[in-house]
Amino acid sequence: MSVPTTLIWFRQDLRTDDQPALQAATRTGRLLLGLYVWPNDSALTARRRYFIWQSLRDLQARLAECGIPLHVRTGNPVQAVAETAAYCHAAEVVCAANGAGQGALRAVLEKQGCRLHGVADGLLQPPFQFIRSPYFNEPAFAAFQVAWRAACAEQYAAWQAPAWPPPDLAAQQKRLPENLKTAALPAVPRAVLTIPGGETAAQRQLAEFLPRLPYYPVLRSLPAQHGSSQLSPHLVFGTLSVRRVWAVAGNSPDAAAWREALARREFWRHYFRQYPDMLQQGLPEHRAAAGQANQVLMAAWQQGITGYPLVDAAMRLLRDTGWLPHSLRRFCAAFFCRVLGGRWQDGADWFARQLLDFEPAANSGNWQLAAGLGGKRVERQPFNPVVWSQKLDPDGQFIRRHLPQLAHLDSRRIHAPWLATAEVNTNGYPAPVVDYRAR
Ligand SMILES: Cc1cc2nc3c(=O)[nH]c(=O)nc-3n(C[C@H](O)[C@H](O)[C@H](O)COP(=O)(O)OP(=O)(O)OC[C@H]3O[C@@H](n4cnc5c(N)ncnc54)[C@H](O)[C@@H]3O)c2cc1C
């Protein structure tokens, strides 16, 4: 006789700690199974795929301790979930509902007598409450942050993560039929990751960062110092709970700047849920005035051969590791739009193909801001890449690390090697592709 089960469909919530889908599934009292469906996504780079794989391996081990098998499928998600639900006689499928319509899945499941139960995850506050204007410049963010923070302060003042696992779960799961107990995880090609995947790695990284929190406000703007948490891929793939992150940061003045970063993450996600058309197209006011970088300039920027050392060091690091600190993302984006005259969409596309932590809302929003397109009018402070290079990397340490052919230049010339006299060897480093002063 078949035993009714509950299927937990893991999506971008690849963890056991503070996991709403897992908690909701446990409350059903049925036997539990997990499922992950690999996305059919051409944007899933080898690095991202390997990060997910590491996260699944960790999740599988954690779930196995409680007797929950994690099945892994590929293909169309609706079909894969429905087939697995039928195979394991699921009476209910529980998953994070990320706002995208799940009507098709619900309809298919209902036909086979199975209920779809969506739970909220990934945000500290529900969307559609705090965005008051179609603009997303600094004043709009400031207004959002005041209201949003007040709601978080109230809701999370005494927050405790729900307990996991329930004490009798492993014993109960022994009743799972043998054919459902085994779940394989096919290997994927290895990729070099500077930020490893998985809940265990995420928790370790969070613990290592917390003692450095007091230095965050200063060091986050100095890319040579590794001053930020590097938790972004974990927050994107849900190997870490954002509620957990908010709670451990605490209320101290040291934590304020870091909590502001979390507010920015949330701001973009709320904003584009409310204004989805802006994700690709931007504000209507600015649609006609898009720039167009020529292909040669765009290729030089992508490959890190623009002749501007900090841009090139950063763009090579992005290509080689899939990660950049925020200050360099902003710098490279501003350079692309304002010095090379590129369209923000083209730059955002390149970042989307490189970033380990690619997330459409954060990427699109930050690109549009860097291009000065968050308000009614174009908002552009003068942008001097040499002055910014000196601010972000005062003694050239970051440039020296990533462009060794310029390592011998002094701290002034290293930001503008074209000023070096003919006797100084710049080892074939290219001349600037454009003169920033002409822009
Ligand atoms: C052009 C550009 C593109 C970007 N694309 C992405 C992207 O695709 N995915 C992504 O997660 N972030 C993106 N960001 C935001 C930000 O740069 C990264 O989140 C941050 O660098 C991650 O480093 P961290 O984890 O050390 O951040 P920390 O400084 O330690 O901040 C903690 C967390 O807050 C969030 N966060 C911080 N700053 C921002 C911000 N300005 N916008 C949104 N979230 C923020 C991230 O989740 C981050 O992990 C982009 C920024 C720019 C300028």
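Only heavy atoms go into these numbers, but all of them, side chains included; no hydrogens, no water, no symmetry mates. In each ligand, atom 1 is the first atom listed, and ligand 1 is the first ligand listed. Counting from 1, the numbers follow the sequence of the chain as shown.
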Open item on the list: Check whether Trp367 forms a cation-pi arrangement with Arg329 (NZ or CZ under 6.0 Å from the six-membered ring centre, at most 45° off the ring normal).
Closed with: no
Task: Lys NZ or Arg CZ of Arg11 over Trp9 ring: under 6.0 Å, within 45° - done: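 Yes; both conditions hold, so Arg11 lies above the ring face of Trp9.
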- [ ] Give me the one residue out of Leu70, Val37, Leu56 that meets side-chain contact (heavy atoms from CB on, under 4.5 Å) with Phe10.
- [x] Leu70
Task: Glu359, any N or O under 3.5 Å of ligand 1 N or O - done: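 Right, the criterion is met.
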- [ ] Give yes or no for whether the N/O distance cutoff of 3.5 Å, strictly under, is met between Ser228 and ligand 1.
- [x] yes
Protein heavy atom at shortest distance from [atom]:
{"atom": "atom 19 (O) of ligand 1", "answer": "Ser232 CB, 4.0 Å"}
{"atom": "atom 13 (C) of ligand 1", "answer": "Arg329 NH1, 3.3 Å"}
{"atom": "atom 17 (O) of ligand 1", "answer": "His326 ND1, 2.8 Å"}
{"atom": "atom 11 (O) of ligand 1", "answer": "Asp357 O, 3.7 Å"}
{"atom": "atom 29 (O) of ligand 1", "answer": "Tyr216 OH, 2.6 Å"}
{"atom": "atom 37 (C) of ligand 1", "answer": "Ala261 CB, 3.5 Å"}
{"atom": "atom 2 (C) of ligand 1", "answer": "Asn366 CB, 3.5 Å"}
{"atom": "atom 24 (P) of ligand 1", "answer": "Gln230 N, 3.5 Å"}

Would you say that [X] contacts [Y] through its side chain, given a criterion of any heavy-atom pair below 4.5 Å between the two side chains?
{"X": "Cys95", "Y": "Gln102", "result": "yes"}
{"X": "Ile52", "Y": "Phe237", "result": "yes"}
{"X": "Leu310", "Y": "His415", "result": "no"}

Does [X] approach ligand 1 within less than 4.0 angstrom via side chain, backbone, both or neither, non-hydrogen atoms only?
{"X": "Leu235", "result": "side chain"}
{"X": "Phe209", "result": "neither"}
{"X": "Trp323", "result": "side chain"}
{"X": "Trp268", "result": "side chain"}

Task: Residues Lys376, Glu285: salt bridge by 4.0 Å N-O rule - done: no
Open item on the list: Whether Arg243 and Asp121 form a salt bridge (side-chain N of Lys/Arg under 4.0 Å from carboxylate O of Asp/Glu) is what I want to check.
Closed with: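 Result for this pair is yes, salt bridge flagged.
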Open item on the list: Using heavy-atom distances only, which candidate in Val242, Leu369, Leu356, Asn363 approaches atom 4 (C) of ligand 1 most closely?
Closed with: Asn363
Task: The one among Arg265, Gln354, Glu266 that brings a heavy atom closest to atom 47 (O) of ligand 1 - done: Arg265
Open item on the list: I'd like to check which ligand 1 atoms, numbered from 1 as shown, lie under 4.0 Å from a non-hydrogen atom of Leu231.
Closed with: 25 (O), 49 (O)
- [ ] Enumerate the atoms of ligand 1 whose separation from the nearest heavy atom of Phe358 is less than 4.0 angstrom.
- [x] 8 (O)
Open item on the list: Below 30° counts as parallel, above 60° as perpendicular, anything between as tilted: where do the rings of Phe267 and Phe141 land?
Closed with: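 Judged by the thresholds at 30° and 60°, the geometry between Phe267 and Phe141 is perpendicular.
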- [ ] Indicate yes or no for a side-chain donor-acceptor contact from Arg338 to the backbone of Ala370 under 3.5 Å, with no hydrogens or angles considered.
- [x]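 Indeed, once roles are kept as given, a pair shorter than 3.5 Å links the two residues.
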Task: Side chains of Gln274 and His270, donor plus acceptor under 3.5 Å - done: no
